[in-house]
Engineer: 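Please see the structure below; I have some questions.
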Amino acid sequence: MSITEIRKAVNKSLLGGEAWPPSLPEFIARGDLLDVDFDAAFSRMLRGKSLGEAEYWANQEVGFECRRYLDEPRARAKHRAALRKYLEKDQQGALPPRDLVQIEDKSTLPSIENRPKPKQFCTGSVFARVAERGRRA
């Protein structure tokens, strides 16, 4: 570890409110974590914003609970723990993909022939218009 990584790990350990002294693997892991401003990430979570994938997934996991039910110290601690977890996953390349719809088995999807026909509905109704667009697709 370089001197800056050691300094960063000591600062994170002292300012993070965790047990001191950490074990050697924990200390090295803290030095390897990306330099993240947890206070700025917490304020972005309160506004419903995220900066990067790790923050997005941490906000998805604990954002609602932190905003609605927890007082500030508990919310900050819970958000910090979730953000650390997802930062570690991001370093390992194990973050789940975002906004990805997966259809496992496409054989269950209805074919175009089985879609409703516009003639089944009253002329000019919303259902007839939707059925007409479905036939075009």
Side-chain angles (χ1 to χ4, degrees):
M1 290 178 75
S2 68
I3 294 175
T4 57
E5 289 174 334
I6 292 172
R7 185 176 295 135
K8 186 169 46 170
V10 169
N11 286 338
K12 285 183 183 181
S13 297
L14 292 176
L15 299 176
E18 296 154 355
W20 183 261
S23 66
L24 184 60
E26 289 174 353
F27 186 76
I28 292 172
R30 288 179 190 165
D32 290 340
L33 279 179
L34 297 173
D35 193 19
V36 175
D37 185 3
F38 289 105
D39 294 327
F42 183 77
S43 63
R44 281 191 296 270
M45 182 271 303
L46 291 177
R47 293 190 313 263
K49 306 290 183 191
S50 61
L51 185 66
E53 295 294 311
E55 276 190 33
Y56 171 80
W57 287 109
N59 293 350
Q60 290 296 315
E61 182 176 320
V62 298
F64 180 78
E65 185 179 359
C66 289
R67 284 191 298 268
R68 303 285 185 211
Y69 301 117
L70 298 177
D71 58 345
E72 185 178 353
R74 289 183 184 158
R76 282 185 183 275
K78 190 164 192 132
H79 182 259
R80 182 181 297 121
L83 186 54
R84 267 202 191 104
K85 178 176 89 171
Y86 285 107
L87 284 170
E88 289 171 2
K89 283 187 176 184
D90 190 20
Q91 280 187 335
Q92 297 166 1
L95 280 178
R98 190 188 331 184
D99 300 332
L100 182 65
V101 178
Q102 295 178 344
I103 299 175
E104 305 275 333
D105 184 16
K106 293 186 179 184
S107 65
T108 60
L109 295 176
S111 65
I112 293 177
E113 290 80 26
N114 295 339
R115 292 183 184 169
K117 297 173 179 52
K119 295 177 185 175
Q120 293 175 328
F121 305 103
C122 296
T123 306
S125 72
V126 172
F127 298 113
R129 292 192 300 254
V130 169
E132 181 60 39
R133 287 189 175 235
R135 300 296 288 172
R136 286 188 219 150

Engineer: Donor-acceptor pairs under 3.5 Å, side chain of residues 67-75 to any protein atom, not counting sequence neighbours: which ones?
Structural biologist:
from: Arg67; atom 1: NH1; to: Met45; atom 2: O; distance (Å): 2.9
from: Glu72; atom 1: OE2; to: Arg76; atom 2: NE; distance (Å): 2.9
from: Glu72; atom 1: OE2; to: Arg76; atom 2: NH2; distance (Å): 3.0

Engineer: So, taking the atom named OH in Tyr56 and the one named CG in Leu83, what distance separates them when rounded to the nearest 0.5 Å?
Structural biologist: 15.0 Å
Engineer: Are the side chains of Glu55 and Leu87 in contact, using a 4.5 Å heavy-atom criterion?
Structural biologist: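 Result no, sub-4.5 Å side-chain heavy-atom pair not found.
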Engineer: Give the other cluster members for Leu51, using side-chain heavy-atom distances under 4.5 Å between Ile, Leu, Val, Met, Phe, Trp and Tyr residues; answer none if it is isolated.
Structural biologist: none
Engineer: When you measure from the side chain of Asn59 to the backbone N and O of Gly48, does any donor-acceptor pair fall under 3.5 Å?
Structural biologist: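 Flag not set: sc Asn59 to bb Gly48 has no pair under 3.5 Å.
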Engineer: Sequence neighbours left out, what passes side-chain hydrogen bond (donor to acceptor under 3.5 Å, both in side chains) with Glu65? Give chain and number order.
Structural biologist: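 Residues passing side-chain hydrogen bond (donor to acceptor under 3.5 Å, both in side chains) with Glu65: Lys78.
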Engineer: Not counting sequence neighbours, which residues clear side chain to side chain contact (heavy atoms under 4.5 Å, CB included) with Leu95? List them please.
Structural biologist: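 Once residues adjacent in sequence are excluded, the partners of Leu95 under the side chain to side chain contact (heavy atoms under 4.5 Å, CB included) criterion are Glu53, Trp57, Tyr86, Lys89, Asp90.
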Engineer: Do Arg84 and Arg80 come within less than 4.5 Å of each other through their side chains, counting heavy atoms only?
Structural biologist: yes
Engineer: CZ of Arg129 to OG1 of Thr123: how many Å apart, nearest 0.5 Å?
Structural biologist: 11.5 Å
Engineer: Once salt bridge (charged side-chain N to carboxylate O under 4.0 Å, His left out) is applied, do any residues pair with Lys85, and if so which ones, sequence neighbours excluded?
Structural biologist: Glu61
Engineer: Please identify each residue that fulfils side chain to side chain contact (heavy atoms under 4.5 Å, CB included) with Phe127, with sequence neighbours left out.
Structural biologist: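 With sequence neighbours excluded, Phe127 shows a side chain to side chain contact (heavy atoms under 4.5 Å, CB included) to Phe121, Ser125, given in chain and number order.
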